[in-house]
Number of protein chains: 2
Amino acid sequence: MQDLSPQQTAQNGIDEAIVSSILSARIRPGTRLSENQLATLFDVSRTRVREAMMRLEARGIVNVSPRRGWFVVEPSADEAMTVYDARRVIEAGLLRTMDRLTETGRTILNAHLAEEKAAIAAGDRQRLTCLMGDFHIRIAELAGNAILVDILRDLTARTILISMLYQSDFHAMQSHLGHCHIVAAMELGDFPKAAALAVEHLDEVETGLDLTRRPDPLADLRRSLSLPPQTAASSSQASRKAKP
Amino acid sequence: MQDLSPQQTAQNGIDEAIVSSILSARIRPGTRLSENQLATLFDVSRTRVREAMMRLEARGIVNVSPRRGWFVVEPSADEAMTVYDARRVIEAGLLRTMDRLTETGRTILNAHLAEEKAAIAAGDRQRLTCLMGDFHIRIAELAGNAILVDILRDLTARTILISMLYQSDFHAMQSHLGHCHIVAAMELGDFPKAAALAVEHLDEVETGLDLTRRPDPLADLRRSLSLPPQTAASSSQASRKAKP
DNA sequence: GCGACAAATCTTGCATACAAGACGAGTAAG
DNA sequence: CTTACTCGTCTTGTATGCAAGATTTGTCGC
């Protein structure tokens with residue numbers, strides 16, 4: 001859940017370590033996942049790493065470019081829209097099939113909202129990203145359907161990658177309020193309304209994306225050098241050297 | 001789509017060959033998938049077969065029993081209910097987000113219904129199973145969401161496995177009529193009603209299952225010997241030898 | 001200075017080899 | 001006749017080795 005080091009993770013923990021890192025926004029989209037490096041990190045042979053990659057590939061988490069390497073997926077604008085679409089369908093469908101909120105469910109959701117609030121107050125953006133994704137997974141867990149939980153977890157991972165690529169600025173408070181409204185509707189037992197609010201919420205988040213932004217191939221290098229993020233001006237003058 | 005022989009399938013076609021075989025009910029749940037046999041059949045090394053298995057495992061299609069082998073999943077009664085639940089959520093959510101049926105969509109769906117009718121008339125049960133599953137995938141395709149199509153395809157595969165395990169008798173005509181009603185609602189543009197009908201339809205199919213039936217470990221041998229299917233009586237007297 | 005070319009290096013793709021464990025047949029003892 | 005045990009065979013688990021291709025770096029010619 002929190003910080004799982006390579007060593008303590010069990011046999012097939014490579015998958016979950018990577019997914020978990022994505023869910024907590026510690027791996028950027030497009031990150032190269034070298035078989036050799038992962039093999040040394042987890043102290044296994046390349047074979048096991050490859051098997052983990054195959055599973056992650058089937059889950060839509062990583063990509064392989066033949067003879068070039070494995071990469072964390074970089075969803076295109078189209079794919080991003082598809083992901084949000086799928087989430088709207090599933091989450092709204094989920095809420096609409098629920099008919100009551102158990103007492104423990106109420107407790108869990110409110111505890112989660114409190115955590116979100118705390119993270120906002122602390123300004124812990126990484127933790128916030130993680131929590132914002134987890135909220136939707138919590139709802140699926142409440143519904144008790146393990147299959148949908150898994151599906152939503154993977155979709156959430158992709159969502160986080162998308163937001164790292166296209167999110168211009170993150171309105172944490174707005175998202176948090178969206179979650180609060182959904183929970184409020186659930187507490188009132190008005191699940192169709194909760195479903196509508198969830199759709200609206202996902203719409204809002206999607207609208208907050210700048211899907212016209214081209215992925216910046218220099219992003220990681222830029223970040224390593226502590227340079228400011230890409231702008232229209234910087235991308236056009238990036239080709240020639242700066243003149244003093 | 002139809003019969004794809006191992007040879008003509010591309011590099012990673014092992015996955016799709018197996019899924020396709022499940023979708024057309026040519027592989028039973030619990031079937032052992034020997035790495036060596038598959039390697040020989042597809043004329044590749046065990047490595048590639050294993051990689052395919054890893055992907056299928058991530059998709060919930062196969063299971064591995066350590067050091068014993070790979071098996072096509074045998075969903076338990078609980079898992080079966082979970083699968084149907086997930087399908088209700090996704091398919092109802094899908095239909096509810098649609099707002100119009102294009103002309104080509106109408107054509108596709110009606111062509112599909114005609115195929116179902118023909119298969120019923122011909123009594124081609126295997127083809128019918130395939131078509132019954134495909135119907136729901138068609139709808140997802142109409143919505144144009146590739147992610148949901150993939151998810152529904154895998155869920156449909158599991159559904160077919162479930163029906164092979166638990167379906168006492170298959171009311172093809174009833175299912176076909178259910179599909180017709182859904183399409184009718186869609187043609188009228190009443191998608192909430194189509195969603196409700198889809199839920200109802202899946203309920204019907206699920207009700208048609210006998211989820212109390214224990215999976216029969218002798219099923220494949222029984223079938224090979226052309227013995228009648230399992231009954232309560234036969235299962236209780238199976239343990240001791242028959243005395244003349 | 002600049003562009004093209006070539007070799008070196010690093011990557012994955014795939015097959016094979018060996019080890020560990022499970023299963024079943026056969027056997028011996030009771 | 002039944003039961004327990006052991007050995008042989010077959011399965012997957014994992015590592016390693018080699019080949020093919022892509023990228024990058026270094027060099028040469030202009």
Side-chain angles (χ1 to χ4, degrees), chain A residues 6-7 9-18 27 30-59 61-74 215 217-221 224-225 238-244, chain B residues 6-7 9-18 27 30-59 61-74 217-218 220-221 224 239-244:
Chain A
Q7 292 300 350
T9 55
Q11 290 291 36
N12 66 347
I14 304 177
D15 318 16
E16 291 317 313
I18 292 177
I27 301 186
T31 301
R32 177 196 182 82
L33 298 174
S34 157
E35 293 184 2
N36 276 320
Q37 290 179 15
L38 288 175
T40 34
L41 275 178
F42 286 88
D43 193 37
V44 294
S45 127
R46 271 182 52 219
T47 307
R48 308 253 323 256
V49 174
R50 267 184 87 74
E51 291 174 349
M53 288 300 149
M54 296 292 167
R55 284 186 291 258
L56 289 178
E57 184 189 31
R59 292 166 65 180
I61 307 286
V62 305
N63 255 345
V64 59
S65 176
R67 306 243 177 224
R68 283 185 15 86
W70 296 91
F71 300 89
V72 176
V73 292
E74 292 184 278
L218 305 177
D220 34 354
L221 181 55
S224 301
L225 298 175
S239 49
R240 52 177 176 175
K241 302 284 165 59
K243 297 187 178 182
Chain B
Q7 293 300 350
T9 55
Q11 290 290 40
N12 66 348
I14 305 177
D15 317 17
E16 291 318 313
I18 292 177
I27 301 186
T31 302
R32 178 198 182 82
L33 297 174
S34 157
E35 293 184 1
N36 276 321
Q37 290 179 14
L38 287 175
T40 325
L41 277 178
F42 286 89
D43 193 37
V44 294
S45 129
R46 269 183 54 217
T47 306
R48 308 252 327 256
V49 175
R50 265 183 89 72
E51 290 173 350
M53 288 300 149
M54 296 292 165
R55 283 187 292 259
L56 289 178
E57 183 189 32
R59 292 167 65 181
I61 307 286
V62 305
N63 255 345
V64 59
S65 176
R67 307 243 178 224
R68 283 183 20 84
W70 297 91
F71 300 90
V72 176
V73 293
E74 292 182 279
L218 306 176
D220 33 353
L221 180 56
S224 301
S239 49
R240 50 176 179 178
K241 305 283 168 57
K243 297 188 177 183

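In the text below, chain A, chain B and the rest are named by the order of the sequence lines, each starting its count at 1.
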> B:Leu38 has an atom CG; how far is it from atom P of D:dT12, in whole Å?
Replying inline: 9 Å

>> Under 4.0 Å from OP1 or OP2 of D:dG13: is there any side-chain N or O of B:Arg50 that close?
In response: yes

Check nucleotides 8-10 of chain C against the protein and report each pair of N or O atoms closer than 3.5 Å, with its distance, or say if there are none.
none

>> Output one letter per nucleotide in nucleotides 19-24 of chain C: B when a protein non-hydrogen atom lies under 4.0 Å from the base, S when only the sugar-phosphate is that close, - when neither is.
In response: -BSSS-

> Quick one: B:Phe71 CZ to D:dT12 P, roughly how many Å, whole number?
Replying inline: 8 Å

>> Pick the closest DNA chain C nucleotide for A:Ser65 and for B:Arg46 by heavy atoms, then say which residue is nearer the 5' end.
In response: A:Ser65

> Where do A:Arg55 and B:Ala58 come nearest, in terms of heavy atoms and distance?
Replying inline: O-CB, 3.7 Å

> Can you name the residues that form a side-chain contact (heavy atoms from CB on, under 4.5 Å) with B:Val49, not counting sequence neighbours?
Replying inline: B:Ile14, B:Glu35, B:Leu38, B:Ala39, B:Val44, B:Met53

>> I need the CE-P distance between A:Met53 and C:dG13, as an integer number of Å.
In response: 11 Å

> How many Å lie between CD on B:Glu51 and P on D:dT12, as a whole number?
Replying inline: 15 Å

> B:Thr47 or B:Leu33: which one's nearest nucleotide on DNA chain D is closer to the 5' end?
Replying inline: B:Leu33

>> I'd like to know if B:Glu51 pairs up with A:Arg48 as an ion pair, taking the criterion as any Lys NZ or Arg NE/NH1/NH2 lying under 4.0 Å from an Asp or Glu carboxylate oxygen.
In response: no

> Sequence neighbours excluded, which residues qualify as side-chain contact (heavy atoms from CB on, under 4.5 Å) partners of B:Val72?
Replying inline: B:Ile22, B:Ile27, B:Thr31, B:Leu33, B:Leu161

>> So, does B:Ser45 get its side chain near the phosphate of C:dA15, meaning an N or O under 4.0 Å from OP1 or OP2?
In response: yes

> When the distance from CZ of A:Arg48 to C1' of C:dT12 is rounded to whole Å, what number comes out?
Replying inline: 19 Å

> Residues in side-chain contact (heavy atoms from CB on, under 4.5 Å) with B:Arg68, at least two apart?
Replying inline: B:Ser65, B:Phe71

>> The criterion is side chain to side chain donor-acceptor pair (under 3.5 Å); which residues satisfy it with B:Thr40, sequence neighbours excluded?
In response: none

>> Checking B:Ser34 now: which residues fulfil side-chain contact (heavy atoms from CB on, under 4.5 Å) with it, not counting sequence neighbours?
In response: B:Arg32, B:Asn36, B:Gln37

> Expressed in angstrom and rounded to an integer, what is the separation of A:Asn63 atom CG from C:dT12 atom C1'?
Replying inline: 15 Å

> Given side chains that start at C-beta, do those of B:Glu57 and B:Val64 come closer than 4.5 Å, heavy atoms only?
Replying inline: yes

>> Just the rounded figure in Å: distance from P of C:dT16 to CG of B:Asp43.
In response: 10 Å

> Once you round to the nearest 0.5 Å, how far does CD1 of B:Ile61 lie from CH2 of B:Trp70?
Replying inline: 13.0 Å

